[in-house]
Every structure is written in C-alpha cells, then in structure tokens.
Number of protein chains: 2
Amino acid sequence: MPTIRERNKRLIIKTACQVFADKGFAATKTSEIADKAGLPKANIYYYFKSKEALYRAVLDSVIEPLLQANSHIYEQDEPARALQDYIRAKIRISREHADASKVFANEIMHGAPHLSPQHREQLKAEANASVARIQGWVDDGRMAPVDPQHLMFVIWASTQTYADFDWQIMQITGRKKLAAQDYDAAAKLITDMVLKGCEVVPCEA
Amino acid sequence: MPTIRERNKRLIIKTACQVFADKGFAATKTSEIADKAGLPKANIYYYFKSKEALYRAVLDSVIEPLLQANSHIYEQDEPARALQDYIRAKIRISREHADASKVFANEIMHGAPHLSPQHREQLKAEANASVARIQGWVDDGRMAPVDPQHLMFVIWASTQTYADFDWQIMQITGRKKLAAQDYDAAAKLITDMVLKGCEVVPCEA
DNA sequence: GTCTATAGCTGGATAGAC
DNA sequence: GTCTATCCAGCTATAGAC
C-alpha cells in the first residue's frame with residue numbers, strides 16, 4: 001500500500017546512486033541529492049535515517065545487477081560459450097549500470113568499509129563458485145590450464161574499466177560519450193583475447 | 001639549502017599519499033595526515049597552503065612513476081618483447097606503487113577534477129604515442145590487427161586492478177597480503193593472453 | 001507526508017607565542 | 001621553523017509548523 005513511500009525511496013536511491021558514483025561517499029552532500037531529486041533535504045532524512053543509511057541502501061540496490069552476469073558461467077556448459085556470454089554481459093553492465101559499477105568500485109577500492117558481512121560472503125561465494133566452474137573445465141581438458149582466479153580478475157578488470165574509468169576512455173578515444181560500437185569493440189577484443197588465452201574455439205554469434 | 005624544508009615536504013607528501021589512497025580526498029582529514037606523519041596539523045599548512053594544494057602535490061608526485069612503464073613500448077622494437085616488458089612493468093608498479101595507483105584511479109574515476117590541463121595533455125599524449133606505436137606494428141603485419149586503443153585499456157585495467165582493487169583480490173585468494181608469486185602469476189596470465197591475442201610469439205625470459 | 005528554519009558539530013585554516 | 005589554541009564555514013541532522 002505505501003506506494004508513495006516506495007516511489008520516493010526509489011527516486012532517492014536512484015538519484016543518490018548517480019551522485020555517489022560521481023563524487024564518492026564523503027564528497028557527496030545530501031543537499032545535492034535532494035536538489036537533483038527535486039525534494040527538500042529533510043525529505044531524505046524522513047525516508048533514511050542518515051546519509052550512511054542511504055548509502056548502504058544504494059550499495060544494496062547495486063549488488064544484485066552486478067552479480068547477475070555470473071549466471072552465464074553456470075547456464076552454459078560449453079566453456080567458449082560461457083566465457084563469451086559472461087564477457088558480453090559484463091560489458092553490458094558497464095554500459096547500462098555504470099553508476100552502480102562506480103559506486104561499487106569506490107567501495108572496494110577503499111577496503112569495502114560499508115559492505116555488510118553478508119554481502120562480503122555473497123561476493124566471495126559467487127567468485128569461488130565461478131572459479132570452481134572454470135577449474136572444472138580445465139580439469140576436464142576442455143580449456144588450457146589457466147589460473148581461474150587470475151582469469152576472473154582479468155575479465156572483471158577489463159570489462160569494468162569501461163564503466164569505472166569511462167572518463168579516461170572518452171579522453172583517449174575522443175568521444176563525448178561511449179557508443180554501442182565502442183562497447184562492441186571492447187567486448188570483441190576481450191572475448192578474442194580470453195578465448196585464445198584459454199585455447200577454446202569461439203562459438204558462432 | 002632548505003634541506004629540512006624538502007625533507008618535511010617529502011614526508012608529508014608520502015604520508016598524504018597513503019591516506020588519500022586509503023580514504024579518498026574528501027574523506028581524508030588533514031589531522032590524520034599530520035598524526036601519521038608525527039607532526040602537528042599546523043605544520044602541514046606551513047608547507048602547503050591548503051588540503052587541496054597538498055593533494056595536487058601528491059598527484060604530481062604520483063604521475064611520473066605511473067608513466068614510466070610506457071618507455072618499454074618505445075625502447076623495444078619487437079612487439080612481443082615490448083608488450084611483455086610493458087605488462088611486467090605495469091604489474092611491478094601495481095606492487096611497488098599501489099598507493100600512487102589508487103590515488104590516481106580515484107581521481108580518474110571521478111572525472112579527474114583536480115588534474116591540471118598539462119597533466120591531462122601529457123597522459124593523452126603518452127597514450128596516443130603508445131597507440132600509434134602498436135598501430136605501426138599492426139600495419140607492418142607484425143601482429144594481428146587488434147584495436148590498439150582497446151588493447152591498451154585491457155592492459156591498463158588488468159594490471160592496475162592488482163593495486164586498485166587489491167582488497168578484492170586478497171579476499172578471493174585468501175591472502176593477507178599479495179606476494180611475489182601472486183604478481184608473477186598475474187603477469188604471466190596477462191602476458192600470455194595478450195601475446196596470444198596479438199598473435200605474436202613470446203620472447204624467452 | 002512535506003518543508004523551513006536552525007541546532008550542533010566536524011574539520012579546514014590561521015593567529016600568534018615560542 | 002614549530003606548535004597550541006581557536007576561529008569559522010559548511011555540513012549533517014532535527015524540531016516543529018503546516
């Protein structure tokens with residue numbers, strides 16, 4: 001029933017995510033979030049008991065989409081297909097959820113001081129499961145014996161860089177805004193490199 | 001002969017670099033820098049006119065080491081050797097200058113609001129030169145026709161991640177601190193992947 | 001549920017003694 | 001060149017009218 005409550009909370013979280021991504025937690029003023037959301041500042045505090053509580057809510061909202069890409073590692077049985085889909089999904093996230101990625105990157109870079117123990121465990125569990133899956137393919141002789149952990153780090157880093165460090169990418173490519181073709185080119189190169197590195201043959205499409 | 005002046009400035013910049021890397025600019029208190037450096041806060045302001053001026057000094061001190069890795073792209077004529085050395089150098093920087101890397105990453109992630117136009121140009125020029133160099137190898141048929149810009153982004157991202165997101169790496173590897181073998185494993189995997197992706201044969205050593 | 005006005009504190013910056 | 005004491009801006013957070 002509290003449809004207005006939910007709607008406002010969502011609006012505030014969404015706006016806060018943009019500002020936190022842009023400025024970082026400490027540099028963000030609650031008044032700026034309020035202004036961008038078109039609300040008086042006190043309204044923020046009516047819905048969230050503190051700036052930090054709001055930030056935690058943003059972190060929560062951000063983790064689900066970021067973890068969804070992992071599903072491709074499980075749903076596809078063929079290594080080439082799985083890696084290919086995974087990289088594509090990660091690049092899509094960098095494009096469609098750049099703010100979420102930045103908020104998360106910021107949090108991680110500073111040692112995840114606001115991340116709940118539950119979320120830490122969840123992330124670790126997801127990573128470990130993906131690593132185990134890749135190790136399985138290696139053990140079955142279906143791909144070259146790469147270190148699965150470092151393979152994941154490379155995939156994470158090279159896909160997320162298109163969100164987290166988009167400013168640098170735009171500087172160097174000379175773009176005002178990254179376009180579909182840029183993300184496609186990135187996905188292509190990363191996929192190509194990873195598949196060759198793992199010595200698996202690409203799937204069509 | 002202001003040897004004491006220089007010594008103190010260096011100490012303050014070095015300490016500030018650590019704290020800025022750990023907390024980010026806005027979350028850093030000058031009192032914390034002072035405490036860690038074993039100085040009263042007013043001393044900081046005797047040497048630097050503001051927190052922001054100190055931060056800019058840190059940024060300045062950080063850029064040189066980060067750019068040095070680029071030299072390998074020019075000094076080596078053979079693509080395989082150059083890329084190999086470049087990746088190794090970048091990984092070494094992630095290990096030896098992790099704080100510098102984090103300060104810089106933070107700055108870039110938020111759109112480089114404190115970076116001087118000179119430094120922006122310098123970074124862009126270095127990047128463009130490296131890209132041109134790689135494009136030259138492609139044109140000469142000495143490596144596969146990869147997109148040189150995206151190749152650089154991948155190398156940057158996957159090497160810097162070992163500094164910027166070391167917390168995550170440690171979480172997943174279960175290490176308390178990354179050791180030589182971790183950086184070696186990373187360098188090996190990244191090099192392997194890049195060389196295969198570029199279709200150049202590795203050099204010995 | 002909304003908003004104005006303001007309290008209260010944190011932290012950047014400085015005056016001025018040594 | 002060093003340091004203590006303090007000032008004051010700007011921010012988070014809230015009281016209280018509507």
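Because the structure is a prediction, the values reported are computed rather than measured. In the text below, chain A, chain B and the rest are named by the order of the sequence lines, each starting its count at 1.
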| field | B/E32 CD to C/dT10 C1', straight-line distance once rounded to whole Å | value | 14 Å
| note | Here the residues of residues 10-31 of chain B within 4.0 Å heavy-atom distance, strictly under, of DNA chain D are none
| request: List the steps and the verdict of side chain to side chain contact (heavy atoms under 4.5 Å, CB included) for B/K176 and B/M170. | output: CA-CA 6 Å; B/K176 284 230 178 57; B/M170 291 190 289; over 6 Å; no
| message | What is the separation between atom NZ on B/K51 and atom C1' on C/dG11, rounded to the nearest whole Å? | response | 8 Å
| Ionic contact status for B/D22 with B/K36, cut-off 4.0 Å | no
| said: The side chain of B/I4 is closest to which nucleotide in this list: C/dG12, D/dT4, D/dT2? | reply: D/dT2
| query | Once you round it to whole Å, what is the distance between P of C/dG1 and CG of A/N8? | reply | 8 Å
| said: Let's see if you can work this out: which of D/dC3, C/dC3, C/dG1 has an atom nearest to the side-chain heavy atoms of B/A42? | reply: D/dC3
| Heavy atoms from other residues, nucleotides or ligands near CZ of B/R120 exceed 12 (cutoff 6.0 Å) | yes
With a cut-off of 3.5 Å and sequence neighbours excluded, list every side-chain donor-acceptor pair involving residues 143-157 of chain A.
unit_1, atom_1, unit_2, atom_2, d
A/D147, OD1, A/Q149, N, 2.9
A/D147, OD1, A/H150, N, 3.2
A/Q149, NE2, B/I172, O, 3.2
A/H150, ND1, B/Y162, OH, 2.6
A/W156, NE1, A/Y86, OH, 2.8

| query | Just wondering, do A/D166 and A/K102 contact through their side chains at under 4.5 Å, heavy atoms? | reply | yes
| Are any of B/Y45's side-chain N or O atoms less than 4.0 Å away from OP1 or OP2 of D/dT2? | no
| field | Whole-Å gap separating P (C/dG12) and CG (B/N43) | value | 16 Å
| message | Classify A/F48 by what it touches in the nucleic acid, base, sugar-phosphate, or nothing, heavy-atom distance under 4.0 Å. | response | nothing
| note | Here the distance between atom C1' of C/dA13 and atom OH of B/Y55, to the nearest Å, is 20 Å
| message | Measure CD/A/E52 against P/D/dC11 and give the value in whole Å, please. | response | 18 Å
| task | Round to a whole Å and report the spacing from OH of B/Y46 to P of C/dA15. | result | 15 Å
| task | Report the C-alpha separation of B/E107 and B/Y55 in whole Å, then their side-chain angles, then the decisive distance to 0.1 Å, and conclude whether the side chain to side chain contact (heavy atoms under 4.5 Å, CB included) test is met. | result | CA-CA 10 Å; B/E107 179 66 14; B/Y55 178 71; 2.7 Å; yes
| For A/R5 and C/dG1, what is the distance between atoms CZ and P respectively, to the nearest whole Å? | 5 Å
| message | Quick check: any donor-acceptor pair below 3.5 Å linking the side-chain of B/K41 to the base of C/dG12? | response | yes
| What are the two closest non-hydrogen atoms of B/A112 and A/W167, and how far apart are they? | CB-CH2, 3.5 Å
